[in-house]
Amino acid sequence: MLTNKRVPKRLNGQIGTLAQTNGDTFVLTFDVLAANYQGYLPNPTKINLSLQANEIVADQFWNEIDNSLPKKDYDDHQHEGKNDDHHR
């Protein structure tokens, strides 16, 4: 179990600061993983996320990506998206 949560929190803070300085986007995942360290980081000697944690992190990234995409009026029917709910 991760006993010193200050280390990754400080590291995330430094990475976030550098990202902003460079004009990049920083996606904070620390807080969502902190909710269940034992479940999300099952092996304390390796920083390998569990499948569930990887899905949560992916959702954090997707939320940031989705918010940065231009919004399109999907009722214009000018696309042929196979995965679009509107075309099922």
Side-chain angles (χ1 to χ4, degrees):
M1 172 183 1
L2 186 59
T3 56
N4 188 350
K5 294 177 186 173
R6 289 179 288 181
V7 173
K9 192 161 186 101
R10 288 179 61 197
L11 180 61
N12 273 334
Q14 291 173 347
I15 293 170
T17 299
L18 289 172
Q20 289 176 348
T21 299
N22 289 322
D24 299 322
T25 300
F26 175 70
V27 178
L28 181 64
T29 59
F30 179 85
D31 292 336
V32 295
L33 295 176
N36 182 7
Y37 270 118
Q38 288 179 327
Y40 297 151
L41 299 167
N43 186 341
T45 62
K46 297 180 182 178
I47 302 179
N48 292 319
L49 300 175
S50 68
L51 176 61
Q52 185 181 20
N54 275 302
E55 291 171 349
I56 290 169
V57 168
D59 284 344
Q60 294 296 108
F61 276 84
W62 177 249
N63 289 338
E64 195 64 42
I65 291 167
D66 190 44
N67 288 333
S68 70
L69 295 174
K71 301 302 177 203
K72 179 173 170 47
D73 180 7
Y74 287 104
D75 289 331
D76 65 8
H77 297 286
Q78 295 187 19
H79 64 284
E80 299 283 331
K82 292 180 183 178
N83 295 325
D84 187 337
D85 289 334
H86 198 73
H87 291 281
R88 290 183 187 188

In terms of hydrophobic clusters joined by side-chain contacts under 4.5 Å, are Leu28 and Leu49 together? yes

If you take all heavy atoms of Phe30 and Asn12, which pair is closest and at what distance? CB-ND2, 3.0 Å

Determine which pairs satisfy side chain to side chain donor-acceptor pair (under 3.5 Å) with at least one residue from residues 48-64, sequence neighbours left out, and list them in order. none

Under the side chain to side chain donor-acceptor pair (under 3.5 Å) rule, what pairs show up with a residue in residues 14-26, not counting sequence neighbours? none

Quick one: which residue pairs count as a salt bridge (Lys or Arg N to Asp or Glu O under 4.0 Å) with a foot in residues 26-54, not counting sequence neighbours? Lys9-Asp31

Restricting to side-chain hydrogen bond (donor to acceptor under 3.5 Å, both in side chains), what partner residues turn up for Thr45, sequence neighbours left out? Asn43

Considering residues at least two apart in sequence or located in another chain, which fulfil the side-chain contact (heavy atoms from CB on, under 4.5 Å) criterion with Phe61? Val27, Thr29, Val57

Residues passing the side-chain contact (heavy atoms from CB on, under 4.5 Å) test with Ile15, sequence neighbours excluded, are Leu11, Phe26

